[in-house]
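Both backbone and side-chain heavy atoms feed into the values below; hydrogens, waters and symmetry mates do not. Nothing here was measured: the structure is a model prediction, and the numbers come from that model.
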Protein chains: 2
Amino acid sequence: MAKYHSEEEALKNYDTSKYRTPEGYTSDIAIFTLLPNEQYKAKDEKSSKYCLALMLIKRAGLDAEGEPNIEGNKWALPGGFTQIEGDKGSAFESAKRELLEETSIKGVHIKHFGVYDTFGRDKRGWIISNAHYAIVPEQHIQDRRAADDAAEVQLFTIDEVFKLDIAFDHRQIIEDAISSVKKDMQQTTVAKNFLPVEFKLEELRQVLLAVIDDNVVNTKSAFFRKAPSLDFIEEAKDAQGNPKVTEPTGKNKRPSKLYKFEEVEPVPSIWN
Amino acid sequence: MAKYHSEEEALKNYDTSKYRTPEGYTSDIAIFTLLPNEQYKAKDEKSSKYCLALMLIKRAGLDAEGEPNIEGNKWALPGGFTQIEGDKGSAFESAKRELLEETSIKGVHIKHFGVYDTFGRDKRGWIISNAHYAIVPEQHIQDRRAADDAAEVQLFTIDEVFKLDIAFDHRQIIEDAISSVKKDMQQTTVAKNFLPVEFKLEELRQVLLAVIDDNVVNTKSAFFRKAPSLDFIEEAKDAQGNPKVTEPTGKNKRPSKLYKFEEVEPVPSIWN
DNA sequence: AAAATAGTGTCTGTGAGACACTATGGA
DNA sequence: TCCATAGTGTCTCACAGACACTATTTT
């Protein structure tokens, strides 16, 4: 005669302890934005006005009880433990919450790009990290830095970042995050997340120049010829169906056409 | 906000037990191969000789103790719990081991494509699954099926697979695996994993036709014109530097040139 | 000669690459 | 009138799409 008479009873007696389970399950998030490029050369049409930057936090040297902190005084990606919230527990939700806490904004692009789970990556035990990147328009991060004390939150350009002392295996995660965001900028329309809904072609080109190295993007005339014919980009129209243009602002002396991204996501192919 | 950081440091440092930790950490693997296409129409140049297929296992109705098994009698992806082996614990290693157990082969293409970690996806607790796909040339799986009793291991074409009763959230994982492999076939040279090192262009075309829908691949003359000029494909040469050709085999009446993949990985762009 | 496999050839229009030129409006 | 910004125009050569044709060997 069977010991249990239903799946439910068997379930209660299921022995998960046969396997070692992780001691922690976390989400880390690489928050990217664009900063003004110090090396911008107006004469070089491949030079961008922007520069890709990453937000890091400085780990406290001492913890709340005054004891030396693990990986203290090093720079790290913002992150935290994943909890089961509202009957769900997912690293993606956790990353969204973390982003909200760090930048006070919702609804920006966030993408999972890797899992870091080798035993030994964290001295505290077997701690698994889900790595994400987020793209945040510059203004939002500036707001956040002004509101905060900001000593322990800082933006670094990707050249600066590798000169820092980085905690845990976050150096590797940061390298992977940069590869991932570059790849996505080349192969998807993520660039839209750095831009307002309606943008000038030159703005879009500046954003792309800052991150990727692409023949068409590098050549101004090629980009302006090609971009309007891409089927994921269209002209912004006003209520009367007329093309929208900018008002001249700042040093900009002439109006320019506005464009927006279509909903469709292109799939580039190596075969054509 | 500044206070928040130090609180979080303290939590990370001293009391990981405040957070619920996962009850299980597993790897699942979608093993793809190609089968002969029953619907092949020689007259239609878009029709492929092959058909994408997925290996599934049938979960036993009763467990080792004779009790009803969780999600018993349903089809599932092969997988298992991740253990710390040789001082490492990683889902990727675990997936490789699982693939070795299921197909007795090493060194094939295996790729992580997702994490499934919502609480409630498995009745046994908070069990996290790392999903991978693998590409295995047909012959290897046929060997494995012959050696095994094979009742519980079966290949299904992707049309057949969604008619089955699928365990856990594996239906979703399978959908994502198929999307992922299709995308990679379009954007990377993974197709090489279905082929021998040296192959005929028509063989490559048949493999691509079976999985993706691409203008150039669909059009025979376009593919034969384009493929030899792609910089990740080159002619196979013998020791004297002469192009290699096949011996006619089977119903094939004429020799054909052999090609191989270069080491370089192309990066397709949506901007050109 | 026919069948099967594995490719080529040819035509026409679209598009890429290079780079010089134009348009707008304010100081 | 000059500058800065944001684009266009023009030229040539190459490649893409359509689809018919060829080439090699066995039966």
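Across the protein-nucleic acid pair, B:Leu201 atom CG and C:dT5 atom C1' stand 13 Å apart, rounded to whole Å. C:dT5 atom C1' lies 14 Å from atom CG of B:Leu258, rounded to whole Å. Rounded to whole Å, the distance from NZ on A:Lys257 to C1' on D:dT8 is 10 Å. Summarising the geometry, the separation between CD on A:Gln206 and P on D:dG7 is reported as 12 Å, rounded to the nearest angstrom. At whole-Å resolution of the value, OH in B:Tyr40 and P in C:dA4 are 11 Å apart. Protein atom CD of B:Glu202 is 18 Å distant from nucleotide atom P of D:dT24, rounded to whole Å. The nearest whole Å value for the distance from the CD atom in A:Glu45 to the C1' atom in D:dA6 is 13 Å. Here D:dT8 presents its P atom at 13 Å from CZ of A:Arg205, a figure rounded to the nearest Å.
A side-chain donor-acceptor contact under 3.5 Å links B:Asp214 and B:Gln186. A:Ser27 and A:Asn130 are not linked by any side-chain donor-acceptor pair at a separation below 3.5 angstrom, with hydrogens and angles left out of the test.
Salt bridge absent: A:Glu160 and A:Lys163 never bring a charged side-chain N and a carboxylate O closer than 4.0 Å. The existence of a salt bridge linking A:Glu175 and A:Arg171 is excluded, since no basic side-chain nitrogen approaches an acidic carboxylate oxygen closer than 4.0 Å.
Between B:Ala42 and A:Val216, it is B:Ala42 whose nearest contact on DNA chain C lies nearer the 5' terminus.
Against DNA chain D, the stretch residues 220-231 of chain A makes heavy-atom approaches under 4.0 Å through A:Lys220, A:Ser221, A:Phe224.
A donor-acceptor contact shorter than 3.5 Å is absent between the side chain of B:Asp184 and the backbone of B:Thr188.
Between A:Leu195 and the choices A:Lys200, A:Glu203, A:Lys260, the side chain to side chain contact (heavy atoms under 4.5 Å, CB included) rule is met once, by A:Glu203.
Between B:Trp75 and B:Phe156, the ring-plane angle classifies as perpendicular under the 30° and 60° cut-offs. Classified by interplanar angle (parallel below 30°, tilted 30° to 60°, perpendicular above 60°), the ring pair A:His132/A:His112 is perpendicular.
Within the structure, the ring pair (Phe, Tyr, Trp, His ring centres under 6.0 Å) test picks out the following pairs touching residues 219-245 of chain B (sequence neighbours left out): A:Trp271-B:Phe232.
At its two ends the helix from C:dA1-D:dT27 to C:dA27-D:dT1 runs along axes set 30° apart, each axis drawn from five pairs and the angle rounded to 10°.
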